[in-house]
Amino acid sequence: MNAQKPYLLTFDTIGAPDLGYIAVAENSALPFQIKRTYWIYCTPETVARGHHAHHELQQVVIAVHGSIEFVLENVAGEKTIFHLEKPNVGLFIPEMHWRTINFSHDAVLLCLASTEYNEADYIRDFEVFQALANQ
């Protein structure tokens, strides 16, 4: 079973207060090669998203605007909570972590993914996810 743990990454930043900033996330600085990128926006604060895990997919997620809370749980039942609110900080989410995501009204989430989309990789039933701990 997966032993990796989620962690925060701080990306290199270029710029100054009078010009603005650029944060750079290159494949060489990530725990995997990027195969897919997507972003989530305009999520009402009253809507919790996520409610799934992945068998193989790994992700780095970044709050490029606003604030986003991730509640992650591994198959052993260990929970960690991360608050993302800086566009130069990403959260590495390894495979086999159930996620629940809460957004501020203005949040934009950028996701860098280790694989292309594959519906079969999703675990959308929490009881099925929990049962995987016994395998």
Side-chain angles (χ1 to χ4, degrees):
M1 198 51 60
N2 176 32
Q4 290 192 71
K5 296 188 180 294
Y7 61 87
L8 296 174
L9 302 98
T10 301
F11 299 109
D12 291 337
T13 303
I14 304 164
D18 57 334
L19 295 174
Y21 297 93
I22 298 171
V24 180
E26 297 182 282
N27 274 324
S28 61
L30 297 171
F32 55 80
Q33 296 288 306
I34 300 168
K35 298 287 176 81
R36 178 170 50 118
T37 303
Y38 64 89
W39 45 99
I40 300 169
Y41 57 96
C42 293
T43 302
E45 288 185 10
T46 57
V47 174
R49 295 199 51 157
H51 309 297
H52 67 271
H54 294 277
H55 290 282
E56 295 182 15
L57 178 78
Q58 298 179 345
Q59 298 171 307
V60 171
V61 293
I62 304 159
V64 294
H65 193 267
S67 62
I68 304 169
E69 176 189 73
F70 275 81
V71 179
L72 303 177
E73 183 173 339
N74 66 18
V75 291
E78 300 167 332
K79 287 186 181 180
T80 51
I81 299 173
F82 293 91
H83 297 276
L84 301 177
E85 53 191 21
K86 296 179 181 176
N88 68 321
V89 175
L91 170 60
F92 169 66
I93 305 174
E95 67 274 11
M96 297 306 294
H97 279 75
W98 189 267
R99 79 254 359 248
T100 302
I101 313 165
N102 296 296
F103 294 80
S104 67
H105 66 76
D106 59 346
V108 178
L109 171 81
L110 173 64
C111 180
L112 310 175
S114 66
T115 65
E116 293 184 5
Y117 177 78
N118 176 6
E119 180 59 33
D121 187 58
Y122 281 77
I123 305 164
R124 298 188 185 274
D125 183 316
F126 189 66
E127 290 179 3
V128 170
F129 174 73
Q130 288 178 311
L132 292 172
N134 299 321
Q135 294 183 359

Taking ILVMFWY side chains as joined if any heavy atoms are under 4.5 angstrom apart, and letting links pass through other members, which residues group with Tyr122?
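Members besides Tyr122, by chain and number: Tyr117.
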
Test question: given the 4.5 Å side-chain rule for I, L, V, M, F, W and Y, name all other residues clustered with Ile14, or answer none.
Ile22, Val24

So, taking the atom named CG in Asp125 and the one named CD in Gln130, what distance separates them when rounded to the nearest 0.5 Å?
9.0 Å

Quick one: pull up CD1 in Ile93 and CD1 in Ile101 and give me the separation to the nearest 0.5 Å.
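The distance works out to 6.5 Å.
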
Please determine whether side-chain contact (heavy atoms from CB on, under 4.5 Å) holds for the pair Glu95 and Gln4, giving the CA-CA distance in whole Å, both sets of side-chain angles, and the decisive distance to 0.1 Å.
CA-CA 8 Å; Glu95 67 274 11; Gln4 290 192 71; 4.0 Å; yes

Which residues pass the side chain to side chain contact (heavy atoms under 4.5 Å, CB included) test with Asp121, not counting sequence neighbours?
His54, His55, Glu56, Leu57, Asn118

Show me the side-chain donor-acceptor pairs of residues 32-39 shorter than 3.5 Å, one per line, residues at least two apart or across chains.
unit_1	atom_1	unit_2	atom_2	d
Gln33	OE1	Asn27	ND2	3.3
Arg36	NE	Thr115	O	3.2
Tyr38	OH	Gln59	NE2	3.0

With Tyr21 via ring-ring contact (aromatic ring centres under 6.0 Å, His included) - residues at least two apart:
none

Output all residues satisfying ring-ring contact (aromatic ring centres under 6.0 Å, His included) with Phe70, sequence neighbours left out; order by chain, then residue number.
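Result, ring-ring contact (aromatic ring centres under 6.0 Å, His included) vs Phe70: none returned.
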
I'd like to know if the side chain of Arg99 and the backbone of Ala53 have a donor-acceptor N/O pair within less than 3.5 Å.
no

Donor-acceptor pair, distance only, cut-off 3.5 Å: does the side chain of His65 make one with the backbone of Asp106?
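Pair found, side chain donor or acceptor close to backbone of Asp106.
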
Is there side-chain contact between Phe103 and Glu69, with heavy atoms separated by less than 4.5 Å?
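Phe103 does not reach Glu69 side chain to side chain.
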
